[in-house]
Amino acid sequence: MESAHRRRTRSLNAPSPIQQFGPCGRIMKNSAMVMTIQDPASQRLTWYKPPLTVLVIKKVRDVSVLQPFVKLVKWLIQEKSMLVYVEQSVMDDTLLATNPSFTVVKDKLMTFRDGKDDLTDKIDFIICLGGDGTLLYASLLFQQSVPPVMAFHLGSLGFLTPFEFENFEDQVTNVLEGHAALTLRSRLRCIIMRKNEETAKDAKPPTNILVLNEVVIDRGPSPYLSNIDLYLDGKLITSVQGDGLIVSTPTGSTAYAVAAGASMIHPSVPAIMVTPICPHSLSFRPIVVPAGVELKISVSPDSRNTAWVSFDGRNRQELLHGDSLRVTTSIYPVPSICAQDQIADWFDSLGECLHWNVRKRQKHLDELSDLTHSSSNDTLDSLEHTDQIDS
């Protein structure tokens, strides 16, 4: 029974190791074309050497996060003997500077400046204190391989932050000892190709950004409809007329995409979501495409206006006629540590944060009610017969 269960799990979540269908059919053996997907249930965190450096990201402009931040940093340094990194702006916080507990460990902290210092290969482990924005910021800081991220819910929404801070010592210790499930949150690799730079000899390298939630193309300040051509693996799929287009990961499906009418997709599903924003066609429904495809988005040649593009709500810039945006799934996911497991965490978030299917339950029938005496066998004829007897 156990072996049958394992086979079933594998067939549901990933291609079979034996690429054969019946006596004759099989997938052509080409490593570049066959994409394997790991069974989410097998995604467990293991450290091949003890983590020594930890990056702590805290929510900005929120006084309620300061005390938990100080407690965590002090504990990591004094009890766990870890090297703690924080952003330089944290050290400049006047409220922290006057905190006596913080002054004890302030000189032992390592700092970095966003956009100036490279953290690649310096950080073993990331802890976020705040809301979902802290996890998006961690994704922004690491544009290649991302260390495991443990996110504590101290913000307003907390869909991506499953941990409660109350007993943080036990929970962090548990993770440092390698007892945790991982959700590998896929990211989108977005490249802007500029028309006037494709042929130029001194052209700058194209804008290359990884996003965790979504890339949004919209009409910006223009009063006209956006008119955007959408290609999939080089084939023109459709022209988008409306306010714009959202291309999102499964993680981003529960953000802007679901507000625009898309479905909610579990982050372990390998897919890319394409959702129109206020389309001028009632039949233009959101679609889900395989994670391996490349989308190309460009302003239609006959469009009255240009388009604007933003990446996880940042780096907003104009997309001119002749420019194009290429979007595909990145090979660098964000390994998000689960409080329970991949399934329980996600459905708990749906209920607690989005109130998905939350409503008062229908009352049960009272045993003394006349309704309980009726049955599915009652017919109009039998009811009429009863009325005649009563009369």
Side-chain angles (χ1 to χ4, degrees), residues 9 11-15 27 33-41 43 132 136 139 159-160 183-191 209-218 226 228-298 309-313 325-334 336 342-343 345-347 349-350 353-354 356-357:
T9 303
S11 66
L12 281 175
N13 294 288
I27 290 179
M33 294 180 66
V34 178
M35 183 174 62
T36 58
I37 306 158
Q38 188 177 10
D39 182 350
Q43 290 166 191
D132 294 349
L136 292 171
S139 171
F159 197 93
L160 307 177
T183 295
L184 298 183
R185 300 183 179 275
S186 65
R187 295 192 287 178
L188 297 177
R189 183 168 64 96
C190 308
I191 301 175
I209 300 175
L210 298 191
V211 301
L212 178 60
N213 267 353
E214 73 277 303
V215 53
V216 177
I217 305 93
D218 61 66
S226 66
I228 302 164
D229 291 335
L230 174 65
Y231 296 82
L232 196 152
D233 281 344
K235 179 179 176 60
L236 178 63
I237 299 302
T238 190
S239 183
V240 180
Q241 291 188 93
D243 281 358
L245 194 68
I246 305 168
V247 181
S248 64
T249 64
T251 294
S253 71
T254 48
Y256 193 178
V258 77
S263 295
M264 296 179 284
I265 298 182
H266 190 279
S268 294
V269 176
I272 299 174
M273 297 191 66
V274 180
T275 308
I277 308 170
C278 300
H280 276 233
S281 168
L282 293 177
S283 61
F284 194 172
R285 308 304 300 159
I287 59 171
V288 181
V289 296
V293 303
E294 181 185 76
L295 299 175
K296 182 181 125 178
I297 298 146
S298 60
V309 59
S310 61
F311 308 91
D312 275 345
L325 171 69
R326 311 292 177 94
V327 182
T328 190
T329 305
S330 168
I331 61 172
Y332 301 110
V334 174
S336 177
Q342 294 95 340
I343 300 299
D345 280 14
W346 193 66
F347 278 99
S349 295
L350 286 185
C353 301
L354 301 186
W356 177 70
N357 200 28

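FYI, the numbering just counts along the sequence from 1.
- Atom OG of Ser298 is separated from atom CG of Leu325 by 9.5 Å, given to the nearest 0.5 angstrom.
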* Derivation and outcome, side chain to side chain contact (heavy atoms under 4.5 Å, CB included), residues Val334 and Arg187 -> CA-CA 7 Å; Val334 174; Arg187 295 192 287 178; 3.5 Å; yes
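- Residues satisfying the salt bridge (Lys or Arg N to Asp or Glu O under 4.0 Å) test with Asp233, not counting sequence neighbours, are none.
- Atom CH2 of Trp346 and atom CE of Met264 lie 6.0 Å apart (nearest 0.5 Å).
- Rounding to the nearest 0.5 angstrom, the gap separating the CD1 atom in Ile228 from the CG atom in Asp218 is 8.0 Å.
- Of all heavy-atom pairs between Ala291 and Thr329, the closest is O-OG1, 2.5 Å.
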* To do: Show your working on side chain to side chain contact (heavy atoms under 4.5 Å, CB included) between Val215 and Ile297 and close with a plain yes or no.
  => CA-CA 11 Å; Val215 53; Ile297 298 146; 5.8 Å; no
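- A side chain to side chain donor-acceptor pair (under 3.5 Å) check over residues 284-297, counting only residues at least two apart or in different chains, returns nothing.
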* To do: Mind running side chain to side chain contact (heavy atoms under 4.5 Å, CB included) on Asn357 and Phe347 for me, showing each step along the way?
  => CA-CA 11 Å; Asn357 200 28; Phe347 278 99; over 6 Å; no
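- For Leu136, the side-chain contact (heavy atoms from CB on, under 4.5 Å) criterion is met by Leu212, Asn213, Asp312, not counting sequence neighbours.
- A donor-acceptor contact shorter than 3.5 Å links the side chain of Ser330 to the backbone of Tyr332.
- Applying the side-chain hydrogen bond (donor to acceptor under 3.5 Å, both in side chains) criterion to Ser281, with sequence neighbours excluded, gives Ser283.
- With rounding to the nearest 0.5 angstrom, the CG atom of Asp132 is 7.0 Å from the SG atom of Cys353.
- Under the salt bridge (Lys or Arg N to Asp or Glu O under 4.0 Å) criterion, Asp229 pairs with no residue, sequence neighbours left out.
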* Would you check, one step at a time, whether the test side chain to side chain contact (heavy atoms under 4.5 Å, CB included) holds for Ile217 with Ser226? => CA-CA 9 Å; Ile217 305 93; Ser226 66; over 6 Å; no
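- Taking CD1 of Ile265 as the start and OG of Ser248 as the end, the distance is 7.5 Å to the nearest 0.5 Å.
- Arg185 places no side-chain N or O within donor-acceptor distance of the main-chain N or O of Ser336, the cut-off being under 3.5 Å.
- Remark: Val289 engages Leu232, Ile272, Ile287, Val293 in a side-chain contact (heavy atoms from CB on, under 4.5 Å) (not counting sequence neighbours).
- Annotation: the span from Leu245 atom CG to Glu214 atom CD amounts to 11.5 Å, rounded to 0.5 Å.
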